[in-house]
Number of protein chains: 2
Amino acid sequence: MVTACSTGLHGPHDVFNPDCPCRDLLDLIANKWSALVIGALEPGPMRFGELRSRLNGVSSKVLTATLRRLEEAALIDREVFAEVPPRVEYTLTDLGHSAAVPLAALRTWAEGALDHELSRR
Amino acid sequence: MVTACSTGLHGPHDVFNPDCPCRDLLDLIANKWSALVIGALEPGPMRFGELRSRLNGVSSKVLTATLRRLEEAALIDREVFAEVPPRVEYTLTDLGHSAAVPLAALRTWAEGALDHELSRR
DNA sequence: CGGGATCCCATATGATACTG
DNA sequence: CAGTATCATATGGGATCCCG
């Protein structure tokens with residue numbers, strides 16, 4: 001049982017506790033590029049270049065860093081094929097698919113909220 | 001009707017289109033501090049200091065910047081009371097409450113995913 | 001040629017003061 | 001109390017180079 005980071009307010013883990021590791025997890029996915037990468041990977045595996053063009057605006061450096069962090073947290077798998085030209089495919093893990101659900105809701109909110117904002121004027 | 005930023009793939013607005021304003025909205029709430037601030041404000045209005053201590057780890061400068069951005073996007077209201085000592089209260093708007101729903105799911109995911117990660121080892 | 005790594009700069013974040 | 005000012009560091013982003 002893991003209770004070290006609990007405040008006793010929201011269950012065993014609590015994002016409001018800065019020492020709980022789940023806060024790092026929140027920091028990881030509560031991020032524009034993470035939200036878009038995971039959304040783009042939801043239908044199936046994708047190569048680096050295709051991912052980059054779908055995200056439409058991310059630099060290869062930032063995309064690489066984002067993918068590395070997601071891989072480290074076991075949200076995606078990275079598979080390298082020894083081919084010429086080289087091919088690298090990224091795939092959502094089960095954990096990644098579970099994250100895709102709330103992230104899809106977040107993207108949908110952003111798209112819907114814009115209409116709310118516009119009608120406000 | 002607003003169609004300028006649509007790619008025709010996901011409806012009138014599309015976060016995958018870098019020119020769609022909804023992408024800025026995603027960038028605004030897909031952020032650790034925004035997620036925590038909005039979550040903390042969900043039960044009701046709160047003062048700056050209480051907010052700061054609940055978030056447990058944010059600097060006043062970053063909290064101020066976060067609150068200003070959320071206010072500018074009409075997710076929160078800021079009310080200043082002419083008292084001594086000064087009192088400033090922050091309240092979720094209707095739009096803010098609508099954002100609180102997917103953000104709560106995101107926080108819950110982070111807290112639950114940690115168990116998944118731990119059990120993986 | 002694709003997938004980065006590296007260099008350099010702009011902005012964001014953070015700790016520590018200090019003030020109306 | 002609710003910030004602002006200042007300084008240090010981390011991250012974001014563009015351009016270029018590299019290596020198989």
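Proteins get letters first, then strands, A, B, ... in listed order; numbering begins at 1 in each.
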Interatomic distance where CZ belongs to A/Phe48 and P belongs to C/dC1 [whole Å]: 17 Å
Closest listed nucleotide, where the reference is the side chain of A/Ser60 and the choices are C/dA5, C/dG3, C/dT13: C/dA5
Whichever of A/Val58 and A/Pro85 has its nearest DNA chain D nucleotide further upstream toward 5': A/Val58
Phosphate OP1/OP2 of D/dT4: any B/Arg68 side-chain N/O under 4.0 Å: yes
Nearest heavy-atom neighbours spanning B/Glu42 and B/His97: O-CE1, 3.6 Å
Length of the CD-P vector between B/Glu50 and D/dA2, whole Å: 10 Å
Distance, rounded to the nearest Å, where B/Leu36 contributes CG and C/dG14 contributes P: 11 Å
Phosphate contact (C/dT13 OP1 or OP2) by B/Asn31 side-chain N/O below 4.0 Å: yes
Touch class at under 4.0 angstrom, heavy-atom based, for A/Phe81 against every strand present: nothing
Residue whose nearest DNA chain D nucleotide is more 5′ - A/Thr66 or A/Val84: A/Thr66
Touch class at under 4.0 angstrom, heavy-atom based, for B/Arg52 against every strand present: nothing
Presence of A/Tyr90 side-chain N/O under 4.0 Å of C/dG3 phosphate oxygens OP1/OP2: no
Side chains of B/Leu103 and B/Arg107 in contact at under 4.5 Å (non-hydrogen atoms): yes
From A/Leu36, A/Leu51, A/Thr91, residue fulfilling side chain to side chain contact (heavy atoms under 4.5 Å, CB included) relative to A/Leu41: A/Leu51
Qualifying residue, where the test is side chain to side chain contact (heavy atoms under 4.5 Å, CB included) with B/Leu92 and the options are B/Leu75, B/Val37, B/Ile38: B/Ile38
Rounded distance (Å) that lies between atom P of C/dA12 and atom NZ of B/Lys32: 16 Å
Separation of atom NZ in B/Lys61 from atom C1' in C/dT19, rounded to whole Å: 17 Å
Nearest-angstrom distance from the residue atom CE of A/Met46 to C1' of C/dG3: 16 Å
Side-chain N or O of B/Arg87 closer than 4.0 Å to phosphate OP1/OP2 of D/dG3: no
Integer-rounded Å distance: D/dT11 C1' and A/Leu63 CG: 15 Å
ILVMFWY network linking A/Leu26 to B/Val101, side-chain heavy atoms under 4.5 angstrom: no
Test item: A/Arg47 side-chain N/O and A/Glu89 main-chain N/O as donor-acceptor pair under 3.5 Å: no
Sugar-phosphate only, base, or nothing, as touched by B/Asp27 at under 4.0 Å among non-hydrogen atoms: nothing
Value in whole Å for how far the C1' atom of C/dA12 lies from CG of B/Asp24: 16 Å
Presence of A/Trp33 side-chain N/O under 4.0 Å of D/dT11 phosphate oxygens OP1/OP2: no
Under 4.0 angstrom between A/Arg47 side-chain N/O and C/dG2 OP1 or OP2: no
Options D/dC1, D/dG20, C/dA5, nucleotide nearest the side-chain atoms of A/Pro86: D/dG20
